[in-house]
> 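Here you go, one structure.
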Amino acid sequence: MAESSSGLLARLRASRPAMTAAGQRLLDLLLEDVGAASKLTISELSERAGTSESSVVRMSKSLGFRGYPDLRLALAAAAVPLEPGPRTVVGDITPDDGVDDVLHKLEHQESTALAQTASGLDRAALLATVEAVASARVVDVYGVAASALVGADLAQKLQRIGRVCQTYADRHLATTSAALRGAGDVAIAISHSGDTADVLEPLRLARAGGATTVAITSRPRSAVTRAVDHVLISAGAEERAFRPGATASRISQLLVVDAIFVGVAQRSFEDTTTALRVTREAVAGIDAHHRRR
């Protein structure tokens with residue numbers, strides 16, 4: 001049976017830390033787009049990665065393949081969605097799709113993104129992020145557009161358990177806060193592309209001040225991954241009609257921030273339980289007051 005896309009991506013990501021610099025560049029190219037990479041000849045792949053054909057062969061063998069041709073076949077097979085049942089509907093959403101087809105296509109896109117993110121997430125980077133956030137004095141979260149919504153979700157969750165966390169979608173406000181970040185603080189950048197200037201500028205400023213920096217992105221080879229201490233890769237897809245790619249990337253980012261939140265909550269279980277109870281009772285009290293008015 002051909003290896004699934006999520007299974008192959010997980011194997012590539014898991015192998016990355018042990019690779020040479022050349023091997024990591026090659027893997028990053030493969031991870032960017034499995035389907036496109038499967039169409040590259042060995043010379044084309046080595047040229048794009050700025051390395052030699054022998055490095056491609058060594059990388060392929062270290063992944064368990066006999067050579068690049070076998071790896072290329074696996075990439076091509078994994079790029080084809082495997083349909084588990086006759087009702088699974090894949091592909092782009094079209095103006096003519098009925099509500100059932102829309103739901104099934106969205107379900108397929110989002111469940112695939114979640115599976116890829118969960119299987120490929122760097123556990124060491126996640127644990128390091130959790131430890132940093134759990135002991136942080138202040139946590140900044142930078143993101144714009146859909147990523148800002150994910151940032152707000154993380155900030156709200158951390159605030160509920162007594163953590164000092166703010167999210168910034170405005171570059172000026174983000175930069176103002178980043179200028180005050182230092183050792184003991186954490187700055188988290190959320191960017192699907194990994195190249196958003198409004199996110200990169202405050203992130204670099206916070207890191208220069210000594211803050212621990214984290215990137216949540218779908219692009220392993222992007223500016224943001226080169227500007228942080230810890231990288232958390234969320235699955236993403238190419239945006240097409242009705243932006244299903246953006247939908248999948250947002251769902252993947254939410255899985256990552258949920259993992260961060262749960263990890264932090266686990267490390268202070270009693271305090272977390274108390275904080276959730278107190279904040280829940282406070283909200284319930286306000287709602288009761290307004291109902292009596």
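Small disclaimer: the values here were computed from a predicted structure and weren't measured.
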> State, to 0.1 Å, how close Ala125 and Asp122 come at their nearest heavy-atom pair, and which atoms those are.
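The pair with the smallest heavy-atom distance is N-OD1, 3.1 Å.
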> Can you check whether Ser234's main-chain N or O pairs, donor with acceptor, with Ser252's side chain at less than 3.5 Å?
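Side chain of Ser252 to backbone of Ser234: no pair is present.
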> For the side chain of Ser249 and the backbone of His192, is there at least one donor-acceptor N/O pair under 3.5 Å apart?
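Flag not set: sc Ser249 to bb His192 has no pair under 3.5 Å.
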> Donor-acceptor check, side chain of Thr213 to backbone of Asp229, threshold 3.5 angstrom: yes or no?
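Present.
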> Strictly distance-based, threshold 3.5 Å: is any side-chain N or O of Arg250 a donor or acceptor partner for the main-chain N or O of Ser147?
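Not a single qualifying donor-acceptor pair exists.
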> If you measure from the Lys or Arg side-chain nitrogens to the Asp or Glu carboxylate oxygens, is any gap between Glu32 and Arg219 under 4.0 Å?
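Judged by the 4.0 Å cut-off on N to carboxylate O distance, Glu32 and Arg219 do not form a salt bridge.
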> Considering residues at least two apart in sequence or located in another chain, which fulfil the side-chain hydrogen bond (donor to acceptor under 3.5 Å, both in side chains) criterion with Arg25?
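Arg25 satisfies side-chain hydrogen bond (donor to acceptor under 3.5 Å, both in side chains) with no residue once adjacent residues are dropped.
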> Please indicate whether Glu53 has more than 12 foreign heavy atoms, meaning atoms of other residues, nucleotides or ligands, lying under 6.0 Å from its CD.
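Result for CD/Glu53: enclosed.
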> Applying side-chain hydrogen bond (donor to acceptor under 3.5 Å, both in side chains), name anything that partners Arg226, two or more places apart in sequence or on another chain.
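Arg226 satisfies side-chain hydrogen bond (donor to acceptor under 3.5 Å, both in side chains) with no residue once adjacent residues are dropped.
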> Could you please spell out the steps behind the side-chain hydrogen bond (donor to acceptor under 3.5 Å, both in side chains) verdict for Ser55 and Arg58?
CA-CA 5 Å; Ser55 293; Arg58 285 194 295 270; 3.1 Å; yes
> Go through Leu154 and Thr167 one step at a time and tell me if the side-chain contact (heavy atoms from CB on, under 4.5 Å) criterion holds.
CA-CA 8 Å; Leu154 176 58; Thr167 181; over 6 Å; no
> Between Thr196 and Ser193, which heavy-atom pair has the shortest distance, and what is it?
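Of all heavy-atom pairs spanning Thr196 and Ser193, the closest is OG1-OG, 3.5 Å.
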> If I take atom CG from residue Leu114 and atom CD from residue Glu107, how far apart are they, to the nearest 0.5 angstrom?
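Going from CG on Leu114 over to CD on Glu107, the span is 11.0 Å.
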> What is the minimum heavy-atom distance between Pro202 and Ala178, and which atoms define it?
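In this case the closest contact between Pro202 and Ala178 is O-CB, 3.2 Å.
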> Could you state whether Leu173 and Leu203 fall into the same hydrophobic cluster, counting links through intermediate Ile, Leu, Val, Met, Phe, Trp or Tyr residues with side-chain heavy atoms under 4.5 angstrom apart?
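Per the 4.5 Å side-chain linkage, Leu173 and Leu203 are co-clustered.
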> Are the side chains of Leu27 and Leu63 in contact, using a 4.5 Å heavy-atom criterion?
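Result yes, sub-4.5 Å side-chain heavy-atom pair found.
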> What is the distance from atom OG of Ser218 to atom CG of Leu31, rounded to the nearest 0.5 Å?
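Answer rounded to 0.5 Å: 11.5 Å.
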> Search all heavy atoms of Ser222 against all heavy atoms of Thr217 and return the closest pair with its distance.
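For Ser222 and Thr217, the tightest heavy-atom pair comes out as OG-OG1, 4.2 Å.
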> With sequence neighbours left out, write down each residue that passes side chain to side chain contact (heavy atoms under 4.5 Å, CB included) with Thr273, or none if nothing qualifies.
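Thr273: side chain to side chain contact (heavy atoms under 4.5 Å, CB included) contacts with Phe269.
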> Show your working on side-chain contact (heavy atoms from CB on, under 4.5 Å) between Asp195 and Val224 and close with a plain yes or no.
CA-CA 6 Å; Asp195 295 314; Val224 74; over 6 Å; no
> Would you call Val141 and Val139 a side-chain contact if the rule is heavy atoms closer than 4.5 Å?
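The answer is yes; the side chains approach within 4.5 Å.
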> Could you check if a side-chain atom of Leu30 sits within less than 4.5 angstrom of a side-chain atom of Met59, using non-hydrogen atoms only?
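Leu30 reaches Met59 side chain to side chain.
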> Would you say the side chain of Ile233 lies within less than 4.5 Å of the side chain of Leu121, judging by non-hydrogen atoms?
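Leu121 vs Ile233: side chains apart.
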> Keeping the roles fixed (side chain from Glu44, backbone from Thr41), state whether a donor-acceptor pair exists under 3.5 Å.
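Between the backbone of Thr41 and the side chain of Glu44 there is a qualifying donor-acceptor contact (under 3.5 Å).
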> Can you get from Val130 to Ile188 by hopping between Ile, Leu, Val, Met, Phe, Trp and Tyr side chains that sit under 4.5 Å apart?
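Per the 4.5 Å side-chain linkage, Val130 and Ile188 are co-clustered.
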> With side chains defined as the heavy atoms from C-beta onward, is the minimum distance between Tyr168 and Asp140 less than 4.5 Å?
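In contact.
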> Taking the side chain from Arg221 and the backbone from Leu29, do they hold a donor-acceptor pair closer than 3.5 Å?
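Checking the backbone N and O of Leu29 against the side chain of Arg221, no donor-acceptor pair under 3.5 Å is found.
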> Is the shortest side-chain heavy-atom distance between Val34 and Leu75 below 4.5 Å?
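A side-chain contact exists here, since the closest heavy-atom pair is under 4.5 Å.
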> Determine whether more than 12 heavy atoms belonging to other residues, nucleotides or ligands lie under 6.0 Å from atom CD of Glu270.
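Open: at most 12 neighbouring heavy atoms sit under 6.0 Å from CD of Glu270.
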> Could you give the distance from CG (Leu71) to OG (Ser38), rounded to the nearest 0.5 Å?
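So the CG of Leu71 and the OG of Ser38 are separated by 10.0 Å.
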> With hydrophobic residues grouped by side-chain heavy-atom distances under 4.5 Å, do Tyr142 and Val256 end up in a single group?
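Result: no, two separate clusters.
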> Backbone N or O of Val138 within a donor-acceptor pair of the Asp185 side chain at under 3.5 Å?
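It does hold such a pair.
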> Ala189 and Val199: which non-hydrogen atoms are nearest, and at how many Å?
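Minimum heavy-atom contact is CB-CG1, 3.2 Å.
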> For the backbone of Ala227 and the side chain of Arg207, can you confirm whether one donor and one acceptor N or O come within less than 3.5 Å of each other?
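Yes; judged by distance alone, with no hydrogens or angles, the pair exists.
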> Side-chain contact test, heavy atoms from C-beta onward, threshold under 4.5 Å: evaluate it for Leu232 versus Thr117 and give yes or no.
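No - every pair of side-chain heavy atoms lies 4.5 Å or more apart.
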> Would you compute the distance between atom CE of Met19 and atom OG of Ser62 and round it to the nearest 0.5 angstrom?
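Here the interatomic distance stands at 3.0 Å.
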> Answer yes or no: is there a donor N or O on one side and an acceptor on the other, between the side chain of Gln159 and the main chain of Cys165, under 3.5 Å?
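Confirmed, Gln159 side chain pairs with Cys165 backbone.
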> Does Leu255 belong to the same Ile/Leu/Val/Met/Phe/Trp/Tyr cluster as Leu127, with side-chain heavy atoms less than 4.5 Å apart forming each link?
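No: no chain of side-chain contacts under 4.5 Å links Leu255 to Leu127.
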> Does a sphere of radius 6.0 Å around CZ in Arg267 hold more than 12 heavy atoms from other residues, nucleotides or ligands, not counting ones at 6.0 Å or beyond?
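Counting neighbours around CZ of Arg267, more than 12 heavy atoms of other residues, nucleotides or ligands fall under 6.0 Å, so yes.
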> Run Val57 and Ile42 through side-chain contact (heavy atoms from CB on, under 4.5 Å) and show every step you take.
CA-CA 8 Å; Val57 174; Ile42 189 170; 3.8 Å; yes
> Around atom CZ of Arg66, are there more than 12 heavy atoms of other residues, nucleotides or ligands at under 6.0 Å?
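Counting neighbours around CZ of Arg66, 12 or fewer heavy atoms of other residues, nucleotides or ligands fall under 6.0 Å, so no.
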> Pair Leu40, Arg48 - check side-chain contact (heavy atoms from CB on, under 4.5 Å), show working.
CA-CA 10 Å; Leu40 298 176; Arg48 292 194 184 188; 3.6 Å; yes
> Indicate yes or no: at least one non-hydrogen side-chain atom of Ile161 is less than 4.5 angstrom from one of Phe261.
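A side-chain contact exists here, since the closest heavy-atom pair is under 4.5 Å.
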> So, the side chain of Thr175 versus the backbone of His172: is there a donor-acceptor pair under 3.5 Å, distance only?
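It does not hold such a pair.
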> How far apart are the C-alpha atoms of Ser268 and Arg163, what are their side-chain angles, what is the distance that settles it, and do they pass the side-chain hydrogen bond (donor to acceptor under 3.5 Å, both in side chains) test?
CA-CA 11 Å; Ser268 54; Arg163 305 290 168 171; 3.0 Å; yes
> Can you tell me how far CG of Leu26 sits from OG1 of Thr20, rounded to the nearest 0.5 angstrom?
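Result: 7.5 Å between the selected atoms.
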> Is there a path of hydrophobic side-chain contacts, each under 4.5 Å between heavy atoms of I/L/V/M/F/W/Y residues, joining Val164 to Val264?
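Looking at the clustering, Val164 is in a separate group from Val264.
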> How far does OG1 of Thr212 sit from CD of Glu131, to the nearest 0.5 angstrom?
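One finds 11.5 Å between OG1 of Thr212 and CD of Glu131.
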> Checking Asp153 against Lys157 for the salt bridge (charged side-chain N to carboxylate O under 4.0 Å, His left out) test, could you report, in this order, the C-alpha distance in whole Å, the side-chain angles of both residues, the deciding distance, and whether it holds?
CA-CA 6 Å; Asp153 182 77; Lys157 284 182 167 69; 2.7 Å; yes
